[in-house]
Trainee: 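Here it is: the structure, laid out below.
Owing to the predicted nature of the structure, the values given are computational and were not obtained by experimental measurement. Note: hydrogens, waters and symmetry copies are ignored here, and every other heavy atom, side chains too, is used.
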Amino acid sequence: KGPEGPLSGVTVGLDPARDGGSKYKTEGKFNLEFAQKLGAYLESKGAAVVITRDNNSKSYSNANRAKTIKDANCDIALRLMCNHISAKSTGCYVQAPKKNKDFGQSLISAYSAATGIRLQAGKSNGFETKNDEVASKCGCPCVLLVMGNWENKSDRATIEDEEIQKKIMDAICDEILKQMQN
């Protein structure tokens, strides 16, 4: 149990996508490191945190990721990754089942404001309806936050900046709090 705080009693599942079993090794490593930082931050706010993987050296199936979140009885889950489009493309967005649209749109608005990364073109207000295996089977509200384009130097520098990461963590914490109060 974490310290008392605004997230006391809330269990958050974090799923750093694209692990060492994929072709996205540097991004997978970043996703894991950011999930660990975010997890420690949320714990400091009182949350119990479950992270679906603890290393970047092996592949984790989506079924195992969903099972980890479900078995921990998470109240809410957040998948974290970056996009790989082209060096010229930029943008962030959220993918989630339609039932999590309000949470997803609120989260991506707060994320975009915290980072200055624009919403990716072609997504409706930064939201894309998609029922992925983790979101469908984890047993709690779950969204996939696409933090930016890993191939774009500006997006990558932004999400790797520690001061901006603090703003991101604050925004995510606030959005989890709002979701838990609904």
Side-chain angles (χ1 to χ4, degrees), residues 2 7 10-85 90-96 104 107-108 110-112 114-115 117 120 130 132-173 175-176:
L7 290 175
V10 176
T11 302
V12 179
L14 297 177
D15 179 28
R18 293 190 172 150
D19 51 57
S22 73
K23 64 182 182 178
Y24 306 109
K25 289 187 180 188
T26 60
E27 181 220 336
K29 182 178 182 225
F30 170 80
N31 295 342
L32 176 59
E33 289 170 356
F34 181 73
Q36 290 168 333
K37 285 181 191 178
L38 177 59
Y41 177 82
L42 295 173
E43 286 173 344
S44 78
K45 300 294 184 186
V49 176
V50 175
I51 301 177
T52 60
R53 63 184 178 97
D54 61 2
N55 68 66
N56 203 47
S57 63
K58 64 180 183 176
S59 182
Y60 292 82
S61 72
N62 283 338
N64 284 340
R65 293 165 188 265
K67 183 176 180 343
T68 298
I69 293 167
K70 187 171 187 163
D71 287 352
N73 294 313
C74 290
D75 298 298
I76 195 163
L78 183 60
R79 304 189 71 210
L80 303 161
M81 69 174 236
C82 298
N83 214 350
H84 287 266
I85 302 171
T90 183
C92 58
Y93 67 97
V94 163
Q95 282 183 348
L107 177 68
I108 198 60
Y111 179 86
S112 181
T115 61
I117 296 174
Q120 186 171 313
K130 185 170 182 181
D132 72 19
E133 186 175 9
V134 176
S136 298
K137 295 182 179 178
C138 70
C140 66
C142 178
V143 300
L144 169 67
L145 173 61
V146 179
M147 299 182 283
N149 181 5
W150 194 248
E151 301 299 323
N152 180 284
K153 288 180 184 178
S154 176
D155 279 10
R156 188 170 177 171
T158 298
I159 61 176
E160 289 181 317
D161 183 286
E162 289 191 19
E163 288 183 32
I164 292 175
Q165 286 182 9
K166 172 71 170 101
K167 292 178 184 178
I168 293 168
M169 291 185 280
D170 286 339
I172 288 172
C173 181
E175 292 305 317
I176 290 171

Trainee: Under 4.5 Å between any side-chain heavy atoms of Val94 and Leu144, yes or no?
Mentor: no
Trainee: Sequence neighbours left out, what passes salt bridge (Lys or Arg N to Asp or Glu O under 4.0 Å) with Lys167? Give chain and number order.
Mentor: none
Trainee: Hey, what do you get for CD1 (Ile172) to CG (Leu145), rounding to the nearest 0.5 Å?
Mentor: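 Going from the CD1 atom of Ile172 to the CG atom of Leu145 covers 5.5 Å.
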Trainee: Quick one: does Tyr41's side chain get under 4.5 Å of Gln36's, heavy atoms only?
Mentor: no
Trainee: State whether the side chain of Ser136 and the backbone N or O of Glu133 hold a donor-acceptor pair below 3.5 Å, judged by distance alone.
Mentor: no
Trainee: If you draw a 6.0 Å radius around NZ in Lys37, do more than 12 non-hydrogen atoms from other residues or ligands fall strictly inside?
Mentor: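 Buried by this count: over 12 neighbours within 6.0 Å.
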Trainee: With distance as the sole test, does Asp75 use its side chain to make a donor-acceptor pair with the main-chain N or O of Thr11 at under 3.5 Å?
Mentor: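 Confirmed, Asp75 side chain pairs with Thr11 backbone.
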Trainee: Is there a side-chain contact between Asn83 and Tyr93 in this structure, where contact means two heavy atoms from C-beta onward sitting under 4.5 Å apart?
Mentor: yes
Trainee: Any pair with a residue in residues 139-148 that passes salt bridge (charged side-chain N to carboxylate O under 4.0 Å, His left out), sequence neighbours left out, goes on the list, sorted by first then second residue, please.
Mentor: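 Listed by first then second residue: nothing to list.
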Trainee: Can you confirm whether Leu38 sits close enough to Leu78 that some side-chain heavy atom of one is under 4.5 Å from a side-chain heavy atom of the other?
Mentor: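 When only atoms from C-beta onward are counted, Leu78 and Leu38 do touch, with a gap below 4.5 Å.
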Trainee: With sequence neighbours left out, write down each residue that passes side-chain hydrogen bond (donor to acceptor under 3.5 Å, both in side chains) with Ser61, or none if nothing qualifies.
Mentor: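 Ser61 satisfies side-chain hydrogen bond (donor to acceptor under 3.5 Å, both in side chains) with Asn64 only.
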Trainee: Below 4.5 Å, heavy atoms only, C-beta onward: do Ile176 and Leu107 meet side chain to side chain?
Mentor: no
Trainee: Among Cys142, Pro141, Cys140, exactly one meets side chain to side chain contact (heavy atoms under 4.5 Å, CB included) together with Cys74. Which residue is that?
Mentor: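 Of Cys142, Pro141, Cys140, side chain to side chain contact (heavy atoms under 4.5 Å, CB included) with Cys74 is met by Cys140 alone.
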Trainee: Begin with the C-alpha distance, continue with both residues' side-chain angles, and end with the deciding distance and a verdict on side chain to side chain contact (heavy atoms under 4.5 Å, CB included) for Val146 and Cys82.
Mentor: CA-CA 5 Å; Val146 179; Cys82 298; 5.7 Å; no
Trainee: Not counting sequence neighbours, which residues clear side chain to side chain contact (heavy atoms under 4.5 Å, CB included) with Asp132? List them please.
Mentor: Arg79, Val134, Ala135
Trainee: To the nearest 0.5 Å, how far apart are OG in Ser44 and CE in Met169?
Mentor: 9.0 Å
Trainee: Once rounded to the nearest 0.5 Å, what's the spacing between atom CG of Asn152 and atom CD1 of Ile159?
Mentor: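 Between atom CG of Asn152 and atom CD1 of Ile159 there are 9.5 Å.
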Trainee: Tell me every residue that passes salt bridge (Lys or Arg N to Asp or Glu O under 4.0 Å) with Lys166, counting only those two or more places apart in sequence or in another chain.
Mentor: Asp170
Trainee: Please round to the nearest 0.5 Å and tell me the distance separating atom CD of Glu175 and atom CD1 of Ile108.
Mentor: 10.5 Å
Trainee: Do Lys29 and Glu33 sit within salt-bridge range, that is, some charged N less than 4.0 Å from a carboxylate O?
Mentor: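 Yes.
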Trainee: Is any side-chain heavy atom of Leu7 closer than 4.5 Å to one of Leu42?
Mentor: yes
Trainee: Below 4.5 Å, heavy atoms only, C-beta onward: do Cys92 and Ile117 meet side chain to side chain?
Mentor: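 A side-chain contact under 4.5 Å exists here.
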Trainee: How far apart are the closest heavy atoms of Gly39 and Val49, and which atoms are they?
Mentor: O-CG2, 3.6 Å
Trainee: Looking at Arg65 and Ile51, would you say the former's side chain and the latter's main chain have a donor-acceptor pair under 3.5 Å?
Mentor: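 No, Arg65 side chain to Ile51 backbone: no donor-acceptor pair under 3.5 Å.
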Trainee: Can you see whether Asp155 engages Thr90 through a side-chain donor-acceptor pair at a distance of less than 3.5 angstrom?
Mentor: yes
Trainee: Output the distance between atom CD1 (Ile76) and atom SG (Cys138), rounded to the nearest 0.5 Å.
Mentor: 10.0 Å
Trainee: Tell me every residue that passes side chain to side chain contact (heavy atoms under 4.5 Å, CB included) with Asp161, counting only those two or more places apart in sequence or in another chain.
Mentor: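 Per chain and number, Asp161 pairs via side chain to side chain contact (heavy atoms under 4.5 Å, CB included) with Glu163, Ile164.
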Trainee: First locate atom CZ of Phe34, then atom CD1 of Ile168, and finally report the distance between them rounded to the nearest 0.5 Å.
Mentor: 5.0 Å
Trainee: For Met147, does its backbone N or O pair with a side-chain atom of Tyr111 as donor and acceptor, under 3.5 Å?
Mentor: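 Confirmed, Tyr111 side chain pairs with Met147 backbone.
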Trainee: Using modelled atom types only, decide if a donor and an acceptor are shared between the side chain of Arg53 and the backbone of Tyr60 within a distance under 3.5 Å.
Mentor: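 Answer holds: no.
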Trainee: Looking at Glu27 and Met81, would you say the former's side chain and the latter's main chain have a donor-acceptor pair under 3.5 Å?
Mentor: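 It does not hold such a pair.
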